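Report on one structure; see the data block that follows.
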Amino acid sequence: MRLSLLIAWLFVLLAGGFGLPEPARAQPGMSRAPSAIAPGPQRNVRIEVELVPMNAWAAPGSTAVVALRQKIQPGWHTYWRNPGDSGGPTTLDWSLPAGVVAGEILWPLPNRQRLGDIVNLGYEGQVFLPVPIDIPAGARPGTTIPLTVTVLLFVCSDEMCVPDSFTLRLDLPIRDGTAPLTGADGAAIQRLVETAPRPAGITARATLTGGRLVLSATGGALAGADIGRATFYPFEAGRIDHDVALSAAAGPDGLSLTLDPTDDLVASGLTAPLAGVLATDVGAWEIAAMPGSPLPGTTGRGLATADAPGGGAFDAGTAARAILFAFLGGLILNLMPCVFPVLALKASALARSSRDAGEARVDGLAYLAGVLATFLMLGGVLLVLRGLGQEIGWGFQLQSPPVVALLALLMLVVGLNLAGLFQIGLGLQAAGGSRLSRLNGPIGAFFTGVLAVVVAAPCTAPFMAVALGAALVLPAPLALLVFLFLGLGLALPYLAISLSPGLLARLPRPGPWMERLQQVLSVPMFAAALWLGWVFQRQQGWTPALLLMAGATLLGLAVWAFGRRQTARAAGKPARPLMLASALALVVALGLTGVASSLAPSVRTGSGDGSGPATRPWSAQAVAEAQAAGKPVLVDFTADWCVSCKINERTSLHSPRVAEAIARTGTVYLVADWTLRDPVIARELARHGRSGVPLYLVYAPGEPAPRILPQLLTEGIVLEALEAASSSRRPTGRPAAAGR
């Protein structure tokens with residue numbers, strides 16, 4: 001303990017004025033008017049600090065979040081609210097306008113820092129300390145509120161400690177409406193706010209026995225959670241050793257940790273609650289352990305006790321599982337209804353190339369290249385936008401009305417091509433109507449793969465959602481590898497057939513039947529165009545949808561004129577008027593589509609067609625209110641462009657038996673409609689380890705962690721979950737981990 005006393009003595013000396021001067025910052029005791037402080041970062045050789053807002057502006061009467069960003073130089077560290085065996089926590093002394101109130105720091109989880117027999121709790125590298133700021137309702141939009149704070153923090157290395165002081169300023173803009181995040185910093189702050197340790201209804205006991213302190217906890221977020229690691233950070237120093245727990249275990253009802261108490265605690269006895277943060281690999285929560293006997297059901301299976309890995313670390317097993325599940329999910333994706341139109345194109349290509357094994361191989365490899373390139377592109381865009389603070393998820397392309405409109409027109413054009421109205425690729429080889437080459441060659445196969453991903457990817461299948469959720473928390477190279485294997489799974493069945501001469505030989509020989517087959521296969525393309533038109537109507541309303549229909553009609557006219565031009569040229573007849581008519585109709589069609597996409601959407605009242613049980617819009621507050629009233633809650637995360645969601649609604653969620661069970665059990669049915677982009681829904685999906693829809697949650701009264709239902713539902717699964725929730729029994733299956 002001599003080293004601890006020596007460091008503490010050095011702190012006293014330094015705090016008394018023996019620290020090195022810092023010319024670039026205000027010293028304690030200096031009076032500076034807020035206007036004399038320039039906004040922006042301040043730094044010295046040890047650390048750079050700055051006030052960073054989570055959102056670009058604050059609305060009157062709202063609570064803004066402003067974080068102190070610390071960029072700590074290598075070899076130095078700062079401290080948590082309980083610094084451990086030495087050091088001191090960061091303190092903030094705010095100078096704010098009248099009516100503006102700053103809350104307490106929302107402390108991120110610390111890391112243990114060891115030096116000899118000393119263990120400190122603190123931070124290295126970059127860390128954000130978020131603080132909620134209450135904005136008065138009388139704040140005027142168009143103005144700014146100056147936020148000034150004096151920061152005192154201890155910056156230490158293995159050899160010395162320096163108490164640094166900075167005076168920082170941030171001019172926070174005031175505007176109406178919901179503000180976007182401030183890029184990557186805003187997204188990082190938001191994650192810290194959402195995962196900050198909070199009370200979660202956990203019951204805890206502290207038992208001093210045999211020179212050891214046993215901390216046991218049950219209930220709340222721990223109920224049924226699959227925990228693999230646990231540790232404890234006390235709020236008060238001097239009661240337990242700040243090193244990791246001596247041991248940890250989990251049981252059916254909770255977990256327990258064996259801690260090393262200090263000599264003072266052993267001598268005086270445990271007379272007051274032991275408060276702190278219980279941190280696990282599925283979440284972290286504030287607890288207050290009352291003195292008493294250990295709680296039952298908290299032992300049996302051993303747990304790891306190390307600190308949680310840093311932001312840059314990852315579990316190799318998690319990455320391997322994500323890659324495997326992505327591959328399996330891609331295979332299963334071939335069975336999803338949204339892939340049928342693309343399979344129609346590939347069936348046509350197989351029939352065409354069955355006479356030539358070499359052509360079939362080239363076609364299969366080109367299709368694979370198109371699938372993989374598009375998955376990598378979409379995955380890369382998703383990762384970049386997430387890194388910039390955008391709250392989006394898988395399927396984001398179909399949340400854009402212009403993209404949906406263009407895809408609808410594209411499906412219409414492909415359907416007309418398969419129906420024989422015009423050709424793509426090779427020209428007519430002779431008068432008399434020799435076979436058209438539709439989407440022929442490697443280029444056609446490549447773009448068929450592109451179309452497959454763009455249209456089919458939002459239909460997340462079993463395994464696929466878990467893999468995508470994991471991909472978004474893995475390092476970028478591994479995340480892109482997950483997307484690559486997802487594409488490999490999607491393309492593999494067609495690739496295997498195209499590379500197998502034996503399978504190709506079993507296909508019928510080319511003949512007139514191929515023309516009839518392609519005409520039949522045009523039907524799924526027309527159906528896909530109608531579906532996308534319906535999605536567009538749900539997103540934008542009827543007036544834009546009617547404009548899109550007019551554009552589609554003119555596009556059909558343009559395609560017909562183009563086909564007539566091809567026939568005329570093959571017969572040696574004049575074709576210029578037909579070409580002009582086709583071009584004019586195409587320009588007007590695209591213009592109408594652009595106007596339809598740019599119109600302001602109508603107000604949406606929810607997803608679905610009004611059939612089925614009564615629903616209410618989802619919000620976290622609606623879930624909390626229903627649970628407070630003792631009611632079970634069913635949450636349906638859906639979108640109109642998600643075919644799997646619509647099938648589940650028809651077959652399971654909106655069946656008469658389910659409607660009767662919802663009414664009988666008093667279940668509150670909430671719908672989170674993600675047809676259009678909604679960052680709140682995107683964050684909730686991410687909180688449950690998902691990056692897309694569908695997602696189905698069932699909350700039992702009084703239990704904060706929901707049960708996650710399968711993505712492919714049956715009526716029996718829904719009925720069993722509702723019955724179990726209404727009787728407050730946890731259904732069989734792994735629940736969602738709160739705070740994950």
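What you are looking at is a predicted structure, and each value in this text was computed from that prediction instead of being measured.
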Exercise: identify the closest heavy-atom pair between [X] and [Y]:
X    : Y    : result
A187 : L181 : CA-CD1, 3.9 Å
Y669 : P613 : CD1-CB, 3.9 Å
L548 : A405 : CD1-CB, 3.9 Å
A445 : A366 : CB-CB, 3.8 Å
G556 : L416 : CA-CD1, 4.0 Å
A408 : A529 : O-CB, 3.5 Å

Report the distance from atom [atom1] of [X] to atom [atom2] of [Y], rounding to the nearest 0.5 Å.
X    : Y    : atom1 : atom2 : answer
F483 : L372 : CZ    : CG    : 13.5 Å
K646 : H654 : NZ    : NE2   : 7.5 Å
L712 : I647 : CG    : CD1   : 8.5 Å
Y696 : Q711 : OH    : CD    : 8.0 Å
L222 : I227 : CG    : CD1   : 5.0 Å
F446 : T374 : CZ    : OG1   : 6.0 Å

side-chain contact (heavy atoms from CB on, under 4.5 Å) with [X]: which residues, sequence neighbours excluded?
X    : answer
L719 : R657, V658, A661, E715
T714 : I717
F327 : L331, F485, L488, L492

Counting distance only, does the side-chain N/O of [X] pair as donor-acceptor with the main-chain N or O of [Y] below 3.5 Å?
X    : Y    : answer
S597 : T593 : yes
T675 : D640 : yes
Q399 : W674 : yes
S726 : E723 : yes

Should [X] and [Y] count as side-chain neighbours, where that means a heavy-atom distance under 4.5 Å?
X    : Y    : answer
E649 : D636 : yes
I708 : L695 : yes
S498 : D363 : no
T638 : N648 : no
M411 : L530 : no
W641 : V693 : yes
V718 : L722 : yes
V633 : L697 : no

Taking the inter-plane angle between the rings of Y367 and Y494 on a 0 to 90° scale, is it parallel (under 30°), tilted (30 to 60°) or perpendicular (over 60°)?
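Answer is perpendicular, since the angle exceeds 60°.
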CZ of F447: more than 12 outside heavy atoms within 6.0 angstrom?
no
V668 and Y699: CA distance, side-chain angles, deciding distance, side-chain contact (heavy atoms from CB on, under 4.5 Å) verdict
CA-CA 10 Å; V668 177; Y699 292 84; over 6 Å; no
